[in-house]
Every structure is written in C-alpha cells, then in structure tokens.
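What follows is a short report on a single structure.
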2 protein chains.
Amino acid sequence: MNGVSLSPTSYIVLGLLERLGGGTSYKLKQAIAESVGNFWSVPHSQIYAEPDRLEQAGLLGAERESGGRRRTRYTLTAEGLAVLDAWREAPADDGLPELRDAALLRLFMGADPGPLAAVRERAHRERLAHYEAAKARDDGTGDRGPWETLEAGIAHEGVSVRFWSQLAERHHHG
Amino acid sequence: MNGVSLSPTSYIVLGLLERLGGGTSYKLKQAIAESVGNFWSVPHSQIYAEPDRLEQAGLLGAERESGGRRRTRYTLTAEGLAVLDAWREAPADDGLPELRDAALLRLFMGADPGPLAAVRERAHRERLAHYEAAKARDDGTGDRGPWETLEAGIAHEGVSVRFWSQLAERHHHG
DNA sequence: CCTATCATGTAATCCGTTACATGATTAT
DNA sequence: ATAATCATGTAACGGATTACATGATAGG
C-alpha cells in the first residue's frame, strides 16, 4: 500500500495506456485529443510529466531510446493495472462537476447577454455537430464507455444550444 | 495599462465586491457559496489570497483592523471598477467549457455503469431540487445575471438526471 | 467555564499554464 | 536545400489543493 495519490490525469494516462497496449507521450496526446479530451483535456506538458510520476510510483514501465528521437515508451506494470482496476471498481465518491463556464460567469456578473449568447450559441452548435458526426462514424463495435460519454456530451451540448439561443432571442432586439 | 493578468477568480472577487459594496474575505466566501459557487466554486484559501493580489495590483483598497479579529475589509478602487467593466464589455473570447465529470471519466475507462449511474442520478436529482427551490424563492426583483445562470444550471442538471437515469435503467438488471 | 463552531488566516506542495527549445520528417 | 510542421521534450511561474493553526463567539 504505497500512498501515492492519483489525479484524474493519472487515470487518463493509465486507462489509455491499457487501451493502446502502451505507447509514447505523443501517442497518448493523440489518443486524448480524439476521445476523452472532448470532456477532459490534458495539456501536453502534463502528458509528458505525468507518465514520469507514474513511473516513479511503479505503475508504469519505461523504455527510453538512446538515439533518434529519444522518445520514451511506457507500458502498464501489473501494479499499474491493479490500481486502475481498483479505481474502476471503487464506489463513485467523486463530487459532482461544476459547469465552470466563463460565459456564464460574465452573464452572472452583469455582462450584456446579447453578444455573449450569439457567440456561444454558434460555438455550441458547432461542437454539437462535431459530436454527432463522431457518433455517426461509430459503428458500435468498440468499447461502451466512449460511446456513453459521447451521448452525455451530445445531451449537454443540446441544452447549451437551447439555453444560449433562447437567451439570444430574448435579447436580439433590445 | 499595467499588465496584470486576471483569472476568473479575480473577476468573481471584483464582481462580488461591487455587488456587496465591499466586504471581508469571509463575506465573499459566504456570497460565493450561495450564488456563483454553484457553478464556479473557489476554495477558501484563494478567497484570502486573491484579494491580496488584487490589492497589490491597485484594483482593491484594503483596511486592516489592528485589534479583535484583525480582519481585512476590501473595496473596489476606481481602477478595479474600470477593469471589471472592461471585462464585462469585452468580446467573449473564452473557450467552451468541458464537462470534467469524474464519473464520466470512470465510465469512459470501463467502470461498471450500474452503481455509478445510481449514485449520480440521486446526486443530480438532489442538486436539481436545490436549484429549483432557489428559483422558487427568487422574486424576480434582483439582478438578471444570477437568475439566468440558475436557469442554465437547472437545464444542465435536468439532462444529467436523464442521462444517468437512462443509463441506470439499462443496467439495473444485469 | 468548557466546548464547539465560526471566522480568519498561513504554509507546503503539486499541478496546470505558458513559453521556450530543438531534433526529425515531409513537402516543395 | 529550405521551409513547414511533426514530434518530443524542459523550465518558470502562478494558482489550486490540502493541511495546519488559532483567536473569537455562542451555547450548554
């Protein structure tokens, strides 16, 4: 029982390395960008720093190239897999998420809703379209997890579009 | 034009101090807890640290008690108000928010949806009820901003309840 | 009076943001 | 060859998280 405390970023790294069967930080970066990054992004400097920490903790093994690109390839250790499994099976004691929407913050603090709503409506419509395209490309044969979270994303983008478009309507002639 | 770069936390402090007409960090803490903190919380240590920074930057004035509780009372300076106004009037160039829901992360990474969904459905229902109670208490005479953001919160909690309850249904017998 | 909770901060550490830097490929 | 972009990191800084600490006030 070593007491390393792991962050969501840690589990993203562990989980994707499991799915990919190991890989470099750059590989992770790509994998995040097109999947989990849609609802939980990780800056690329962290994608290089975090596997290092996990290696120190014994959850990853690393092989470093000496020549060429000198890249480092990480793989899950048995302990890393155990930790990942334990996290998946643990009771979900996470706190509820917050919206943390900077546009809502401006609105709350008294910004003019008109321009704000117009900009946000467009942006959310685009993201919604992007998610729906991704869903259309999905043939349903892969893991369930990513598919479910995509559904969640679509649902939330839907209400965002409705919220901002209604707000825009109430303010576009005033 | 001094180049202090302000964070969302900064604007929360500035905006609430404007609304409250000045106050101590503890007063801010309470004000955040019952309003903007619902979608953008700030840890209490930051609520003590941030006004200090803003004072250094000349955006707040501070009066420190010498006896008793030795508390510090902050007020907006003219420059602070100008900065707050500029932010409210600026084009909304903020990036879209991310869900960053730890339960979605577990789901994505392969956790069993059943227990997860049951727990989250309950939690979101409670928060939804809490928001709706707050809405019922609102007599509509106050600022629009908080009311609009409350609407946004209700809408998002609604889809969260639907998402997790549907997921729970699909998994509660198997 | 004693204890619990309110009120008010400070400190250590860690993580995220941003910027810097540079070697490898690919395209022209 | 040269330029562009891909790939792979490092470093500095600041803000967030977490823990520690302690003086006031209220309730019993």
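Numbered from 1 within each chain, the chains take letters A, B, ... in sequence-line order.
The residue A:R53 sits close only to the backbone: its heavy atoms come under 4.0 Å of sugar-phosphate atoms, none of a base.
Here the nucleotide nearest the side chain of B:P43, chosen from D:dT10, D:dT18, C:dT17, is D:dT18. Minimum atom distance to the side chain of B:Y26 is reached by C:dA7, of the listed C:dA7, C:dG9, D:dT10.
Remark: the A:S45 side chain and the C:dT18 base include a donor-acceptor N/O pair separated by less than 3.5 Å.
One can place CG of A:D52 at 9 Å from P of D:dG9, the figure rounded to the nearest angstrom. The nearest whole Å value for the distance from the OH atom in A:Y74 to the P atom in D:dT8 is 11 Å. A straight line from NE2 of B:H44 to P of D:dA19 spans 13 Å, rounded to a whole angstrom. Rounded to whole angstrom, the span from the NZ atom of A:K29 across to the C1' atom of D:dT5 amounts to 11 Å. One atom, CD1 of A:I47, and another, P of D:dG9, lie 12 Å apart when rounded to the nearest Å. Straight-line distance from the CG atom of A:L54 to the C1' atom of C:dC15: 13 Å, rounded to whole Å. Rounded to whole Å, atom C1' of C:dT17 lies 16 Å from atom CG of B:L6. One interatomic measurement links the two molecules: CZ of B:R71 to P of C:dT10, which rounds to 15 Å at whole-angstrom precision.
Of the side-chain N and O atoms in B:Q46, none sit less than 4.0 angstrom from OP1 or OP2 of D:dG15. Regarding contacts with the backbone of D:dA7, every side-chain N or O of A:S25 stays at 4.0 angstrom or more from both OP1 and OP2.
Defined by atom type and a distance below 3.5 Å, a donor-acceptor pair is present between the side-chain atoms of B:S41 and A:E98. The closest side-chain donor-acceptor pair between A:E50 and A:S10 falls under 3.5 angstrom.
With A:F108 as the aromatic partner, B:R19 meets the cation-pi criteria of under 6.0 angstrom to the ring centre and within 45 degrees of the ring axis.
Between the A:T72 side chain and the A:R64 main chain, no donor and acceptor come within less than 3.5 Å of each other.
Projected onto DNA chain C by closest heavy-atom contact, B:A49 and B:Q30 fall at different nucleotides, the more 5' of which corresponds to B:Q30.
A heavy-atom distance below 4.5 Å is not found between the side chains of B:I32 and B:V13.
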